[in-house]
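These notes concern the structure reproduced below.
Fair warning: this is a prediction, and the values are worked out from it, not measured in the lab.
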Amino acid sequence: MLRITVTMDADATSIVLEGRVVGAWAEELSTCWQRVRATAVGAIRVDLDGVAYIDEAGRIILRAMCTDGATLAATTLVMRAIAEEIAGARDGQPRPVRP
């Protein structure tokens, strides 16, 4: 299961993910991302602290979100390492991941 919480304010958008970003849930995140991307104003931050597991489908959508300008945020050691890998995978260069 994956819970997706989107919060928009005047200058930023936050997407909080909780659960597993896998299979059909990754597809749901992709659908949500298309809606958010079309309506968001300002920076888009994706909070991964509540994520337990990300499969390849999840990595693909998160990588696409980074390519489209989203910033991954994680404070836990494992999720921070995964976020850095995903964010840096688009061109081989590491990207900062916000705590």
Value rounded to 0.5 Å, distance of CE in Met8 from CD1 in Ile44: 7.5 Å
Value rounded to 0.5 Å, distance of CD1 in Ile61 from CH2 in Trp25: 15.5 Å
Distance (rounded to the nearest 0.5 Å) between Met65 CE and Thr67 OG1: 11.0 Å
Sole residue of Ile15, Leu29, Asp68 in side chain to side chain contact (heavy atoms under 4.5 Å, CB included) with Val36: Ile15
Linked, directly or transitively: Ile4 and Val21 (ILVMFWY side chains, under 4.5 Å): yes
Distance-minimising heavy-atom pair for Leu48 and Ala74: CB-CB, 4.4 Å
Check: Asp49 side chain, Thr75 main-chain N or O, donor-acceptor pair, under 3.5 Å: yes
Atom pair CD1 (Ile86) and CZ (Arg59), whose distance is rounded to the nearest 0.5 Å: 5.0 Å
Interatomic distance, Glu85 atom CD to Leu62 atom CG [nearest 0.5 angstrom]: 11.0 Å
Donor-acceptor pair, side chain of Thr31 and main chain of Glu27, under 3.5 angstrom: yes
side-chain contact (heavy atoms from CB on, under 4.5 Å) between Tyr53 and Val22, worked out: CA-CA 8 Å; Tyr53 181 75; Val22 298; 3.4 Å; yes
Val51 to Met79 - nearest heavy-atom pair and separation: O-CE, 3.3 Å
Side-chain donor or acceptor of Thr13 paired with backbone N/O of Asp9 under 3.5 Å: no
Exercise: identify the closest heavy-atom pair between Leu72 and Ala83: CD1-O, 3.7 Å
Separation of Glu56 CD from Arg63 CZ (nearest 0.5 Å): 6.0 Å
Verdict with reasoning, Thr71 to Val46, per side-chain contact (heavy atoms from CB on, under 4.5 Å): CA-CA 6 Å; Thr71 300; Val46 182; over 6 Å; no
Shortest non-hydrogen separation from Ser14 to Val16 and the atoms involved: OG-CG2, 3.9 Å
Which atom of Cys32 lies closest to which atom of Val6, heavy atoms considered: SG-CG2, 3.9 Å
Steps toward side-chain contact (heavy atoms from CB on, under 4.5 Å) verdict (Leu17, Leu2): CA-CA 7 Å; Leu17 304 178; Leu2 178 65; 4.2 Å; yes
Under 3.5 Å: donor-acceptor pair, side chain of Asp55, backbone of Gly23: yes
Derivation and outcome, side-chain contact (heavy atoms from CB on, under 4.5 Å), residues Arg45 and Asp47: CA-CA 6 Å; Arg45 179 180 185 270; Asp47 184 329; 3.7 Å; yes
